[in-house]
2 protein chains.
Amino acid sequence: MGALRDAGFRSGGARRRVVELLGSEGCALSALEIDRRLDEVGRASVYRVLEQLEELGLVRRLDIEGIAGYERAEPGGEHHHHMVCARCGKVIPFEDERLERAIGAISRGSSFDVSEHEVVLRGTCSRCAS
Amino acid sequence: MGALRDAGFRSGGARRRVVELLGSEGCALSALEIDRRLDEVGRASVYRVLEQLEELGLVRRLDIEGIAGYERAEPGGEHHHHMVCARCGKVIPFEDERLERAIGAISRGSSFDVSEHEVVLRGTCSRCAS
DNA sequence: ATCTGTGCAAATAGTTTGCATCCTC
DNA sequence: GAGGATGCAAACTATTTGCACAGAT
């Protein structure tokens with residue numbers, strides 16, 4: 001990712017590996033899971049890199065059930081939200097245009113300047129329900 | 001709260017105090033803040049009571065920015081969501097019927113059985129923006 | 001008298017920070 | 001060669017658990 005170099009970052013191994021992993025993953029990973037998958041990378045580096053990437057707007061940080069999840073940000077500002085199964089913990093991404101419009105309307109109608117939003121639906125996934 | 005006695009709970013001091021505090025508070029408090037405000041109550045009791053109350057559906061648990069918040073559940077299933085100022089940390093509750101309808105539609109149109117949902121808007125509050 | 005509720009302290013999980021070293025530029 | 005990047009370990013914060021004791025029924 002040239003965006004990193006453009007932002008004045010040097011290219012070390014830890015950051016490259018974290019970026020590659022998140023790039024290959026469609027949905028959110030926790031910091032500890034990233035650390036677990038990248039043996040050569042120290043845990044502190046994982047957190048530091050994630051923080052930098054979030055500030056640059058290259059990754060989105062989510063708070064699903066108390067632990068932070070990180071996923072790559074799509075270029076066009078496109079994004080999805082998450083359904084979390086209370087039984088098995090599975091996280092399922094979804095998109096919904098109507099939901100986005102409703103949030104846009106809230107943003108426009110309020111004196112609070114909304115820059116990001118996050119929606120989590122909790123319940124039971126189809127597999128656990130059957 | 002008679003609902004607690006009905007559920008087979010004895011009436012000890014810790015639970016009563018937590019219930020009273022949450023009852024008097026309109027919006028979410030963190031477990032540590034509840035502990036801080038209730039000197040006579042042990043921290044473990046605060047967490048235990050909150051867990052029980054959540055299971056009984058008497059309080060709602062939220063994950064705003066990595067730490068859990070707890071607020072009393074309204075009888076009619078009415079609820080609000082939250083805007084969080086990234087600058088000063090202020091949490092502002094809001095309600096929006098259109099947003100609720102959009103989520104209801106998602107729930108109906110999906111094989112995932114949605115029982116709860118949570119929406120967090122992040123940005124800048126009017127005071128910090130000016 | 002029994003058995004739940006409570007408090008304390010220790011254990012755990014997630015995250016951040018300090019510091020010496022490594023390596024890119 | 002200088003300064004950012006990294007890894008390790010220790011510090012911190014939020015939460016959970018174990019256990020002995022108090023207190024409600």
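Just so it is clear: chains get the letters A, B, ... in the order the sequence lines come, proteins before strands, and each one is counted from 1.
The side chain of B:Tyr47 places an N or O atom within less than 4.0 Å of a non-bridging phosphate oxygen (OP1 or OP2) of D:dT15. Note on B:Ser11: every side-chain N or O is 4.0 Å or more away from OP1 and OP2 of D:dA24. Contact annotation: A:Arg15 side-chain N/O to D:dA5 OP1/OP2 distance is under 4.0 Å.
Taking only distance into account, the side chain of A:Arg43 never meets the base of D:dC8 through a donor-acceptor pair shorter than 3.5 Å. Judged by atom type and distance alone, B:Arg16 does not reach the base of C:dG5 through any side-chain donor-acceptor pair under 3.5 Å.
Between the P atom of D:dT6 and the CG atom of A:Asp35 lies a distance of 14 Å, rounded to the nearest Å. Atom CG of B:Leu38 is separated from atom P of C:dT6 by 12 Å (rounded to the nearest Å). In this structure, the CD atom of B:Glu65 is 15 Å from the C1' atom of C:dT15, given to the nearest Å. We find that CZ of A:Arg10 is positioned 11 Å from C1' of D:dG1, with the value rounded to whole Å. As rounded to whole Å, 15 Å separates atom C1' of D:dT15 from atom CG of A:Leu32. Across the protein-nucleic acid pair, B:Ile67 atom CD1 and D:dA14 atom P stand 6 Å apart, rounded to whole Å. Distance, A:Leu62 CG to C:dG14 C1': 16 Å, rounded to whole Å.
Residue contacts shown for A:Ala44 include a base, since a base heavy atom lies under 4.0 Å away. The residue A:Glu40 sits close only to the backbone: its heavy atoms come under 4.0 Å of sugar-phosphate atoms, none of a base. When heavy atoms are screened at a 4.0 angstrom cut-off, A:Gly66 is found touching no nucleic acid atom at all.
When the side chains of ILVMFWY residues are joined at heavy-atom separations under 4.5 Å, either directly or via intervening members, B:Leu38 and B:Val19 end up in a single hydrophobic cluster.
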- [ ] Start with the C-alpha gap between B:His79 and B:Glu100, add the side-chain angles, then the distance that decides, and say whether side-chain hydrogen bond (donor to acceptor under 3.5 Å, both in side chains) holds.
- [x] CA-CA 10 Å; B:His79 61 269; B:Glu100 299 300 328; 3.1 Å; yes
Open item on the list: If you apply the rule side chain to side chain contact (heavy atoms under 4.5 Å, CB included), what do you find for B:Ile103 with A:Leu99, and how did you get there?
Closed with: CA-CA 7 Å; B:Ile103 290 173; A:Leu99 174 64; 4.0 Å; yes
- [ ] Start with the C-alpha gap between A:His82 and A:Glu118, add the side-chain angles, then the distance that decides, and say whether side-chain hydrogen bond (donor to acceptor under 3.5 Å, both in side chains) holds.
- [x] CA-CA 9 Å; A:His82 300 86; A:Glu118 187 177 338; over 6 Å; no
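Under the 4.5 Å side-chain criterion, counting only non-hydrogen atoms from C-beta, A:Ile34 is in contact with A:Leu22.
Counting only heavy atoms from C-beta on, B:Ala31 has its side chain closest to D:dT15 among D:dT15, C:dG7, D:dA5.
Both B:Glu51 and B:Phe9 lie near DNA chain D, and the one whose nearest nucleotide falls closer to the 5' end is B:Glu51.
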